[in-house]
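Quick caveat, the model's predicted, so the values are computed rather than measured.
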Amino acid sequence: MPVSEDVDAAIAQLEELKEEGFIFRGHESFKYTLTPNASRDNTLARMKHEFGIDSGIINRWFKNKFIMEHVNTWVPGLKITPSSRQVLDRLLNYCLYLMRYNHSLNLFVQNNPSRVSQKDRDTILERSLEYWKSEETFHHLFSSYFPRLIRRYHLDGTLMQDANPFEDLASVDETLPQHYDTPTAALDWTFNYNVAIYFAVGKNEIKEKFLTIYALKIHDSNLSPIHMMDKNIHVENIRAKRQEGTFTYFTKPCSFYIEQGHFPSINYFDQRYKNNLEKRTFELKEFIIERNSQNINKLKKNN
């Protein structure tokens with residue numbers, strides 16, 4: 001059972017953290033991790049369903065001779081070891097994810113054209129839903145990404161080019177769809193901890209016994225795996241402005257997926273810092289509060 005914070009003390013700490021430049025996020029359950037919607041298990045299943053292409057067809061895409069021919073073009077005579085097979089499999093799955101993700105965004109824009117900017121609407125609708133479901137697109141993505149995963153060396157053994165894959169998931173601002181229940185790679189935060197408390201408390205009856213309020217501050221933006229968007233960027237996002245909001249992204253989701261085989265969460269990096277496995281580049285504080293009537297009344301009163 002998690003250790004519950006004293007509500008009055010927690011609110012006092014949140015006020016101090018606000019003055020120190022932290023941003024905040026509230027979860028109705030302490031079990032929820034700081035994982036963007038687009039990489040949660042239920043969302044991955046939803047995007048797969050919307051994509052609608054049979055797994056047998058996907059397997060044929062993965063085994064198409066184009067894939068190995070392209071690999072051999074860049075690494076002649078490559079012997080497929082368990083390690084290299086793993087990298088190949090992860091890249092194939094990542095390319096498929098990119099297609100499903102952009103297909104989902106495209107579907108959202110077609111159904112909600114007024115909820116994104118004109119620029120982003122034009123950009124994403126430039127490619128059709130069918131484009132994001134075609135084998136040719138899959139080949140194009142793979143052939144673009146694979147060469148950028150290869151380290152190249154000079155004849156004297158010095159590194160000529162390090163692996164540097166594309167890290168953007170889409171070419172549009174995903175923060176507007178994020179506020180309309182569309183799964184995106186953005187994680188929304190607020191500069192006002194009372195807004196975080198509001199979302200953590202929730203509107204309906206919640207069965208979870210504990211809620212969580214997170215506070216985040218990035219100390220080294222150049223090295224951090226997390227990028228926080230500038231507050232002034234949300235000129236068209238009315239909801240974000242009302243909630244005094246901002247958004248974070250992971251800076252290297254492709255590199256992380258190729259290395260780990262799954263998508264990142266902020267909690268993952270925070271745990272590595274706590275275990276002294278990496279130099280800390282951000283600070284994350286977690287306030288777990290028991291969801292009893294006394295605590296909820298205090299939290300609501302503070303709002």
Side-chain angles (χ1 to χ4, degrees), residues 35-36 38-41 43-107 123-155 157 159-172 174 183-185 225 249-264:
T35 304
S39 52
R40 297 172 192 166
D41 289 342
T43 301
L44 296 176
R46 169 181 158 187
M47 288 194 296
K48 179 180 178 181
H49 176 74
E50 289 178 344
F51 199 62
I53 295 183
D54 182 81
S55 58
I57 295 176
I58 299 297
N59 287 335
R60 289 199 292 274
W61 287 7
F62 281 23
K63 296 175 181 178
N64 190 293
K65 67 178 182 178
F66 171 90
I67 301 297
M68 288 313 303
E69 286 177 352
H70 189 79
V71 170
N72 286 323
T73 297
W74 288 95
V75 191
L78 174 68
K79 292 183 179 180
I80 301 298
T81 63
S83 177
S84 60
R85 179 75 257 177
Q86 183 181 70
V87 171
L88 269 179
D89 287 343
R90 288 177 178 176
L91 178 56
L92 291 168
N93 279 288
Y94 187 79
C95 290
L96 178 62
Y97 172 80
L98 286 176
M99 294 175 68
R100 288 172 172 166
Y101 181 68
N102 282 275
H103 175 271
S104 177
L105 285 176
N106 192 302
L107 193 61
T123 299
I124 202 164
L125 294 183
E126 185 177 343
R127 292 180 170 135
S128 67
L129 288 171
E130 292 307 312
Y131 171 86
W132 291 113
K133 297 173 69 171
S134 75
E135 186 174 9
E136 289 74 16
T137 300
F138 180 76
H139 288 167
H140 169 71
L141 287 171
F142 181 86
S143 60
S144 298
Y145 273 79
F146 184 78
R148 297 178 69 94
L149 294 180
I150 302 170
R151 289 185 175 89
R152 296 183 177 84
Y153 296 87
H154 291 286
L155 292 177
L159 184 66
M160 178 171 61
Q161 177 183 309
D162 202 355
N164 184 31
F166 303 108
E167 300 291 356
D168 291 334
L169 299 184
S171 58
V172 297
E174 297 129 297
T184 77
Y249 288 88
F250 291 110
T251 57
K252 296 183 177 181
C254 177
S255 299
F256 186 93
Y257 189 89
I258 298 301
E259 181 178 340
Q260 301 293 333
H262 59 86
F263 290 101

Exercise for the section: Could you tell me whether His140 atom NE2 has more than 12 heavy atoms of other residues or ligands within 6.0 Å of it? Expected result: no
Handout entry: Over 12 non-hydrogen atoms of neighbours within 6.0 angstrom of CG in Asp41
Key = no
Handout entry: From CA spacing to verdict: side-chain contact (heavy atoms from CB on, under 4.5 Å), Leu96, Phe51
Key = CA-CA 10 Å; Leu96 178 62; Phe51 199 62; 4.0 Å; yes
Please check this pair: side chain of [X] against backbone of [Y], looking for a donor-acceptor N/O pair closer than 3.5 Å.
X      : Y      : answer
Ser143 : His139 : yes
Asn106 : Leu125 : no
Ser104 : Arg100 : no
Ser39  : Phe263 : no

Name each donor-acceptor pair under 3.5 Å that joins a side chain in residues 250-260 to protein atoms two or more places apart or in another chain, with its distance.
from: Thr251; atom 1: OG1; to: Pro225; atom 2: O; distance (Å): 3.3
from: Ser255; atom 1: OG; to: Glu167; atom 2: OE2; distance (Å): 2.4
from: Gln260; atom 1: NE2; to: Tyr268; atom 2: OH; distance (Å): 3.4

Which atom of [X] lies closest to which atom of [Y], heavy atoms considered:
X      : Y      : value
Thr43  : Ala38  : CG2-CA, 3.9 Å
Lys133 : Ile53  : O-CD1, 3.2 Å
Leu44  : Tyr97  : CD2-CE1, 3.5 Å
Leu169 : Ala185 : CD1-CB, 3.5 Å

Practice task
Evaluate the side-chain contact (heavy atoms from CB on, under 4.5 Å) criterion for residues Tyr101 and Thr184: first the C-alpha distance (whole Å), next the side-chain angles of each, then the deciding distance (0.1 Å), finally the verdict.
Solution key: CA-CA 8 Å; Tyr101 181 68; Thr184 77; 3.6 Å; yes
Problem - Test side-chain contact (heavy atoms from CB on, under 4.5 Å) applied to Arg46 and Glu50, Lys48, His49, the passing residue - result: Glu50
Problem - Working for side-chain contact (heavy atoms from CB on, under 4.5 Å), residues His103 and Met47 - result: CA-CA 8 Å; His103 175 271; Met47 288 194 296; over 6 Å; no
Practice task
Name the orientation class of the two ring planes belonging to Phe138 and Phe62 (parallel below 30°, tilted from 30 to 60°, perpendicular beyond 60°).
Solution key: parallel
Practice task
Look at the aromatic rings of Phe146 and His70 and report parallel, tilted or perpendicular, splitting at 30° and 60°.
Solution key: perpendicular
Problem - Pairing residues for Asp89 by the side chain to side chain donor-acceptor pair (under 3.5 Å) criterion, not counting sequence neighbours - result: Arg85
Exercise for the section: Any chance you could lay out the side-chain contact (heavy atoms from CB on, under 4.5 Å) test for Trp61 and Met99, step after step, and finish with the verdict? Expected result: CA-CA 13 Å; Trp61 287 7; Met99 294 175 68; 3.8 Å; yes
Problem - Close side-chain approach of Trp132 to Leu98, heavy-atom, < 4.5 Å - result: no
